[in-house]
Amino acid sequence: MEDTAEHEKTESSSEEKKELLKDILANIQVDIEADSDNRKEMLDDLKFCTLDQWPAELRASRENDPNGARPCLTVDLTNQYITQVVNDMRQNKPGIKMRPDSDDADVETAKVHQGLTRHIEDKSSATIAYENAGELAVKTGRGYFRLTTEYLDGTFDQEPRIAPIVDALSTYLGPHIMPDGSDAKRGTIMTQVPISEFKRLFPKAKS
């Protein structure tokens, strides 16, 4: 009887995982389609920052002109302002600030939480995450970092960590009204993995 119950439990868990995966795939497809126009503009912004400002077909037509190659001049008029804003952020480093905000809260408790938060930021090298998100926001209009956890050495205890998201285009937020996405009900981070690494991590996965 115990083996039968355990088998049924395993099957139930497997079905739940399949349904969860199906929901995730359906949601991410909706989010990708809803945000496609914005992402094209973000990609154009990134190319513009790296001085890739000529449309590919126009550049090709000029470089392959039958009468001789014609120059494609690019004058950088944006990066000086990007650098100015980013450097201002680096000089005035952002950070999490705890404040008592209810009748049950008090200043001393907020100070304790502030100390814990600073410890997490120090352990996470959170400045890197903040600066990366800020620079991407300046260049493309969006920048992200994430809150995750990390096992402490030699224990099963976990501690919060603030980690950078290097590629803003890897992050998809669900439907939201607020411009900063703070009211989004879901978020997805997509990571590209080499096939060989994927097979090593998930040997039972079906291709």
Side-chain angles (χ1 to χ4, degrees), residues 21-94 125-148 162-199 201-202 205 207:
L21 181 58
K22 190 183 297 183
D23 289 342
I24 291 172
L25 292 174
N27 287 337
I28 190 60
Q29 190 60 43
V30 169
D31 297 342
I32 288 173
E33 292 174 359
D35 205 32
S36 59
D37 290 341
N38 285 331
R39 286 174 177 273
K40 288 177 183 176
E41 292 182 359
M42 289 172 68
L43 210 51
D44 286 343
D45 290 342
L46 281 176
K47 288 181 178 179
F48 204 87
C49 292
T50 57
L51 306 186
D52 182 7
Q53 299 176 4
W54 283 80
E57 63 277 4
L58 184 55
R59 178 185 288 275
S61 69
R62 293 177 67 85
E63 292 178 346
N64 301 305
D65 192 309
N67 298 318
R70 299 160 63 191
C72 299
L73 300 178
T74 302
V75 180
D76 184 4
L77 298 177
T78 58
N79 277 301
Q80 59 178 320
Y81 301 109
I82 291 173
T83 300
Q84 181 179 344
V85 175
V86 171
N87 285 343
D88 284 345
M89 284 192 294
R90 287 173 176 162
Q91 289 178 359
N92 302 286
K93 297 184 184 298
S125 298
T127 300
I128 296 174
Y130 299 154
E131 289 179 356
N132 177 75
E135 184 170 350
L136 285 172
V138 173
K139 290 180 176 179
T140 70
R142 294 183 187 176
Y144 302 96
F145 56 85
R146 67 189 300 187
L147 184 64
T148 183
I162 297 166
I165 297 178
V166 178
D167 181 7
L169 291 167
S170 68
T171 304
Y172 293 83
L173 294 182
H176 57 275
I177 297 175
M178 299 298 291
D180 62 355
S182 57
D183 58 334
K185 302 299 182 183
R186 64 174 180 264
T188 306
I189 301 173
M190 300 183 70
T191 305
Q192 292 187 344
V193 179
I195 293 177
S196 57
E197 179 68 7
F198 180 84
K199 289 181 177 179
L201 294 171
F202 308 100
S207 58

Asker: Below 3.5 Å, can you tabulate the donor-acceptor pairs from side chains in residues 185-194 to any protein atom, sequence neighbours excluded?
Answerer:
from, atom 1, to, atom 2, distance (Å)
Arg186, NE, Asp31, OD2, 3.1
Arg186, NH2, Asp31, OD1, 2.9

Asker: Sequence neighbours left out, what passes salt bridge (Lys or Arg N to Asp or Glu O under 4.0 Å) with Asp65? Give chain and number order.
Answerer: Arg70
Asker: Let me confirm one number: the CG-OG1 distance from Asp44 to Thr140, rounded to the nearest 0.5 Å.
Answerer: 11.5 Å
Asker: Looking only at atom types and distance, does a side-chain atom of Gln53 sit under 3.5 Å from a main-chain N or O of Phe48, one as donor and one as acceptor?
Answerer: yes
Asker: Hey, does the side chain of Arg142 reach the backbone of Leu136 with a donor-acceptor pair shorter than 3.5 angstrom?
Answerer: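 No, because the side chain of Arg142 does not come within donor-acceptor range (under 3.5 Å) of the backbone of Leu136.
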Asker: For Thr78 and Asp76, what are the C-alpha separation, side-chain angles and deciding distance, and is it a side-chain contact (heavy atoms from CB on, under 4.5 Å)?
Answerer: CA-CA 6 Å; Thr78 58; Asp76 184 4; 3.6 Å; yes
Asker: Show every donor-acceptor pair shorter than 3.5 Å between a side-chain atom in residues 167-176 and any protein atom, with sequence neighbours excluded, or say none if there are none.
Answerer:
from, atom 1, to, atom 2, distance (Å)
Asp167, OD1, Leu169, N, 3.0
Ser170, OG, Asp167, O, 2.6
His176, ND1, Gly174, O, 2.8

Asker: State whether a side-chain donor-acceptor pair under 3.5 Å links Asp180 with Ser182.
Answerer: yes
Asker: From Met42 CE over to Asn38 CG, what is the distance, rounded to the nearest 0.5 angstrom?
Answerer: 8.0 Å
Asker: Nearest 0.5 Å please: distance from the CG atom of Asp88 over to the OG1 atom of Thr83.
Answerer: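 It comes to 11.0 Å.
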Asker: Check this for me: Leu58, atom CG, are more than 12 non-hydrogen atoms of other residues, nucleotides or ligands nearer than 6.0 Å?
Answerer: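 Buried by this count: over 12 neighbours within 6.0 Å.
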Asker: Is it true that Glu135 and Arg90 have a side-chain N and a carboxylate O under 4.0 angstrom from each other?
Answerer: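 Between Arg90 and Glu135 there is a salt bridge, with a charged N closer than 4.0 Å to a carboxylate O.
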Asker: Might you point out which heavy atoms bring Ile82 and Cys49 nearest each other, and give the distance in Å?
Answerer: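 Answer, listing the atom of Ile82 first, then Cys49: CD1-SG, 3.5 Å.
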Asker: Within the supplied structure, the quantity of interest is the number of heavy atoms (other residues, nucleotides, ligands) at a distance under 6.0 Å from Ile195 CD1; does it exceed 12?
Answerer: no
Asker: Could you report the tightest heavy-atom contact between Arg62 and Pro71, atom names first, then the distance?
Answerer: NH2-O, 2.7 Å
Asker: Give the minimum heavy-atom separation between Ala129 and Ala163, together with the two atoms involved.
Answerer: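 The pair with the smallest heavy-atom distance is CB-C, 3.8 Å.
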Asker: How many angstroms lie between CG in Leu77 and CG in Leu51, if you round to the nearest 0.5 Å?
Answerer: 10.0 Å
Asker: Please check this pair: side chain of Trp54 against backbone of Leu73, looking for a donor-acceptor N/O pair closer than 3.5 Å.
Answerer: yes
Asker: Within the supplied structure, the quantity of interest is the number of heavy atoms (other residues, nucleotides, ligands) at a distance under 6.0 Å from Ile128 CD1; does it exceed 12?
Answerer: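 Open.
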Asker: Any donor-acceptor pair under 3.5 Å linking the side-chain atoms of Glu33 with those of Gln29?
Answerer: yes
Asker: When rounded to the nearest 0.5 angstrom, what distance separates CD in Glu131 from CG in Asn87?
Answerer: 9.5 Å
Asker: Are Asn132 and Phe145 close enough that some pair of their side-chain heavy atoms sits under 4.5 Å apart?
Answerer: no
